[in-house]
Amino acid sequence: MNRFAMIGQRMTQAIPSIIGIIIVTFLLTRALPGDPAVYFAGPAADEQSIAEVRAALGLDKSLPEQFWLYLGDLVRGDLGVSISTGRPVIEELATRLPASLELTLVALIFAIGTALPLGILAATRPNTWIDHLCRVVVTAGVSLPVFFTGLFFVYIFYYIADLAPSPLGRIDIYFIAPDHVTGFFLIDSLIAGDFETFRAAFAQIILPAVSMGVFVLAPLARMTRASMLQALGSDYIRTAQASGLSRSKVLFAYAFRNALLPILTTLGMVFSFMLGANVLVEKVFAWPGIGSYAVNALIVSDFAAVQGFVLSMAILFVVINLAIDVLYTIVDPRIGMEG
Amino acid sequence: MAVIEQPDDKIESSLAAWWRHFRYVVSENPVTLFAFCLFGMFVFLAFFGPWIVPFDPLASDTSSALQPPSWKHWFGTDNLGRDVFSRVIVATRLDFMIAFSAVALSFVIGSVLGCLSGYYGGWTDRIVGRSVDTIMAFPLFVLAMGIVAALGNTVENIVYATAIINLPFYTRVARAEVNIRRQAGFVDAAKLAGNSDARLLTFHLYPNILPPMMVQVSLNLGWAILNAAGLSFIGLGVRPPSPEWGIMVAEGATFIVSGQWWLALFPGAALMLAVFCFNLLGDGLRDLIDPQRRT
Amino acid sequence: MKRRDFLKTSGLVAGVGMVPMLRNLPASAAGRDDTVVVVLPNGPNSMDIHRSGTNRPSYAIAVNVYDRLVSFGSKTLANGTTMYNYEDIVPELAESWALAADGMSMTFSLRKDAVFHDGSPVTAEDVKWSFDRAVSVGGFPTVQMKAGSLEKPEQFSVVDPHTFKIDFIRKSKLTLPDVGVPVPIIINSKAALQHATEKDPWALEYMHRNPLGGGAFMVDRWDPGVQIVYKRFDDWKSGALPGVERVIVREVPSASTRRALIEKGDADISLDLPARDFRELADAGKVNVQGAPIENSMYALGLNMNFEPFQNKLVRKAVAYSIPYKEIFEAAAYGRGVPMYGGKSMKPATIDWPQPYPYDTDYDRAKELLAEAGYKDGFEVPISFNLGFADWSEPAALLVQEGLGKIGVKSTLDKVPGANWRTKALVEKSLPMHMKNFGGWLNYPDYYFFWVYQHGHLFNSMNYRNEEVEALVEATLNLPIEDPAYEPNVKRMLEIAFDEVPLIPFYQPFLDVATQKNVKGYEYWFHRQLDVRNLDKGDA
């Protein structure tokens, strides 16, 4: 019961931020230079057709009026129509969000799989050359712009070494996307029992996921090392060691479990950061996600698309944080009741 | 920390103690030493770069465009025949300026907001807290893009955009630190001694939040440079022809496939080294100021 | 002729591979001779060229999925590239056409066997509905129709099910070519009307997503933002049946990746690379690079008359003499263009278009002119260029900046994102000095002048106004080129443009494509989209 109360409370707390986001995004898009009506009216349009388009888009109304109409649409669940693609924003987001989420999750799995062992390794041998090496490696990862890492990987693994498939988005040209169930190609192809497609989709996702994952190794490994060090230095670990428990048991069953909370917090932050950082990787790998959609929308002043993108990301952000909080209470039942 | 008057010899001894601690940390951790040296080098280049480079970083010479690294052009030349080495060195100042001003701006505004919100609580806290939450809930890079796109792609606007997306971290750290110490004994004592709120905040609480913030600062410096590079990649970076690492990497990246790797590699390496240096410095600073590690 | 043989032989081989879908086939593109893979930066955002907001890549849908009444023949350039021939108008859906005795109307006889993709026959009713639609929906299609003096539905009539008539408002040399541009596509009106509503009488909503044509290809699959897959329409009658079964067009935003794909053989055709890449690919010789100078188009520098110094002709000339043309041709065009500088005389000898303007780099001359104009100490001016065309305009702008610096004119560079560009440069016309890239579809100098030099027109971003030019364009635009007044009129226009230089051309760009060696049948078109109908693929 308490857990539900906490979720409810968190949701109410998030409402002001969401309202803030709606207002700020609205103002920000209206501040973008460029007249969408001119863009939308197309080449060779005369003044009259631009005026017609402006009226059709509702951009001839005053700002408060536009905002009021926008709010009305939002309440009805209508995010408007993207002028650059001519399709409802909600439809665009629905097809593109899974692509971005899939990429982010795979990148996150890679990052966890690499950073946690490195962090633990460093914590068990503090201030040795292994510790320093771990630190240098993960810091190097966070020091390179993601787009540079991505392009570099493409050059090495595709162009030179021929190890990776052509960077053509989610799936190779000669494969057809699996039937839509979750929108995640990896999962959908497994559901369909189509291992060939699974392999193809997996081969496509490796490079972009690694380029993204490398960038977040540092915070994860750093936090793992720090909290493991703290845990390992605490009294109960000493007691456990003294009572003759095996090294791995002490390390994983006791120390790691206790070090998990701060790692989880970092994980939440990293995840939302990555969703935003998708933008650049998607551009390099022709990944049809929402990041590349948002960049294009911004460049052409596609108001509805930008607003829809930001709003959905903000909601996602709130949901992720909530999920982390709930996970917290599962890992450590002492926390959570008071929110 | 809150001692105001100290005899001179005491200051000297605390300085000496600090120096001893610094040497200890550095000697124990060669990586930190390396980071400090690197930082020194970058600062030197930022100040004196324009005087030591062999070529004018802006002068084009299309007859010697896209030449690979040689004795004459250590890092090769770009598509307009400009010397990449000179451009990489001269860019240090602009990049550091962007990073430092952005971080300084968010540091000052963030810590002041955080202090006020942590000290007064109540409505101040709620308003500041919600505003910060709102910024946090934005996809940060897209917010930066939006700000730069709306205001125009000048250096100042890139600085503002970077400062805004960094703001929440400082506000939160400052708020947390002040909030913990608000009820502490020395604060009560100072209050009883008749100090005003403003004085209390400025001289007693604010100095306390500096150490944890310093770590954040050095991490953010690196991030600020990366952020500017990302903006350059989508065409919203510093205006040409100013040399800037991010824009050089972004433009040079299109030359990698055709085999002119030096256009992206060298500015990329400089950028990486700078961010790397800031990050390691952050770790080093943490060691320096973390009381738990003092011996 | 060869295409037929090819089909016979490949039919057997391809038949096996052509099982329902392509799934799970080995991913070597070069190995599949029934499919062509194309990579480009941006794909279509609509299936309907008549809709407002439809982007340029969508014109390819109009070209490949729809038919027009007429098309253009082709010719081969000296460098081996095939291009359409604007002087040779050939049948497409119309078998033949005849001009009325008074020259005020034209009658088109349609093919009797042509069908739409759903199998229903093409009739004159469909043609009329389609033309009515193009002139009624407003925006770009209507403006383009107007250029050919096709302005209102009353001009179009059905004579019998297979005869269609256009009444002219005025005699114009542009009318028949305008019937061959991508806009007046022939739509399956019966199908469209099923989706028309009172609010949307032209079925814009439905046709935005669903093509209703009868062209050589059908849209097999469209994933907006990802790819479009064309499938051959085997009952196509308006031309020789295409040599390939399927064309996959993938969107790949990164130019480096598009280059890597063609070099590695994973794509058959790569579009829209920077000039430098085309030059290097051509030099390397592993793939074919085919390019034709884009007709009626120049990359140029526009000087805005609203900016005070540029109101003085001497200042404009000074700027024209301070441009490092050769360097720009090297570093922006990489030789993939035709120089538009260094002309011999201030008086044009021919009416060839575009032709070099009589300016070259001469800093001393520029300084003199500037001093004469009273700007001895120079002035300051921002140079603007479109972010979307940064690959050529950024190096060009940097070099212009350097050249101006040599005569004491200080400048800053201003990169303007796409949406803003159209507003600032073309609608508000507020950019003092800017990079221009206009190209006209209909290949006549007077048509270029109409758009670029006539006051108030969209692409006259220089705010240029000259009464003589206004009168000349009015008088010449609809004149047939055989008319004795045509040549002197055009020469006079060019002479004024040379002398007044509100627009300083650098070079005429190439439209290049990179193709694998076994890909045949690429053709340059004025609309600059890929016509996949003639593509063919031999053995590698």
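Basis for what follows: all heavy atoms, side chains included, without hydrogens, waters or symmetry-related copies. Every chain is numbered from 1, with letters handed out A, B, ... down the list of sequences.
C:L442 has its side chain out of reach of C:F526: every pair of non-hydrogen atoms, C-beta onward, lies at least 4.5 Å apart. The side-chain heavy atoms of C:V39 and C:I262, taken from C-beta on, include no pair separated by under 4.5 Å. Side-chain contact between C:V452 and C:K436 is present, with at least one heavy-atom pair separated by less than 4.5 Å. Annotation: side chain of C:F450 is in contact with side chain of C:H457 (closest heavy-atom distance under 4.5 Å).
Listed for the C:S149 side chain is no donor-acceptor partner under 3.5 Å among the backbone atoms of C:L174. A donor-acceptor pair is defined here as one N or O able to donate and one able to accept, closer than 3.5 Å; such a pair exists between the side chain of A:S100 and the backbone of A:I290. Side chain of A:T29 to backbone of A:T25: a donor-acceptor contact under 3.5 angstrom is found. A donor-acceptor contact shorter than 3.5 Å is absent between the side chain of A:D73 and the backbone of A:D78. Using a distance-only test at 3.5 Å, with no hydrogens or angles considered, a donor-acceptor pair links the side chain of C:E251 to the main chain of C:G43. Remark: side-chain polar atoms of C:N386 are not paired, donor with acceptor, to backbone N or O of C:W421 under 3.5 angstrom.
Neither the backbone nor the side chain of C:S46 comes within contact range of chain A; no heavy atoms are under 4.5 Å apart. Proximity to chain C (any heavy atom under 4.5 Å) is shown, for A:S82, by neither the backbone nor the side chain. Contact of A:D162 with chain C is made through backbone and side chain together, with heavy-atom distances under 4.5 Å. For chain A, the nearby parts of C:V252 are the backbone and the side chain; heavy atoms of each come within less than 4.5 Å. With a 4.5 angstrom heavy-atom cutoff, A:L32 does not touch chain C via any of its atoms. With a threshold of 4.5 angstrom between heavy atoms, C:E263 approaches chain A through side-chain atoms but not through N, CA, C or O. If you measure heavy-atom distances from A:F285 to chain C, you find no contacts under 4.5 Å at all. Looking at C:L387, the atoms closer than 4.5 Å to chain A (heavy atoms on both sides) all sit in the side chain, from C-beta outward.
Heavy-atom pairs under 4.5 Å with chain A were tallied for C:L426, C:V226, C:L261, C:V416; the largest tally goes to C:L261. Comparing C:G138, C:P417, C:P224 by how many heavy-atom pairs each has under 4.5 Å with chain A, the most go to C:P224. Taking chain A as the reference chain and counting heavy-atom pairs below 4.5 Å, the highest number among C:R209, C:E428, C:Q227, C:K424 is found for C:R209. The residue among A:G169, A:S301, A:S166, A:P288 with the most heavy atom pairs within less than 4.5 Å of chain C is A:S166. Per-residue counts of heavy-atom pairs under 4.5 Å with chain C were compared for A:I171, A:L298, A:I83; the largest is that of A:I171.
Screening C:W451, C:Y447, C:Y59 for a ring-ring contact (aromatic ring centres under 6.0 Å, His included) involving C:W441 leaves a single residue, C:Y59.
The contact list for residues 85-93 of chain A toward chain C, using heavy atoms and a distance under 4.5 Å, reads A:T85, A:G86, A:R87, A:P88, A:E91 by residue number.
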request  = For C:D266 and C:R250, run salt bridge (Lys or Arg N to Asp or Glu O under 4.0 Å): C-alpha distance rounded to whole Å, both residues' side-chain angles, the deciding distance at 0.1 Å, then the answer.
outcome  = CA-CA 12 Å; C:D266 288 334; C:R250 273 269 175 134; over 6 Å; no

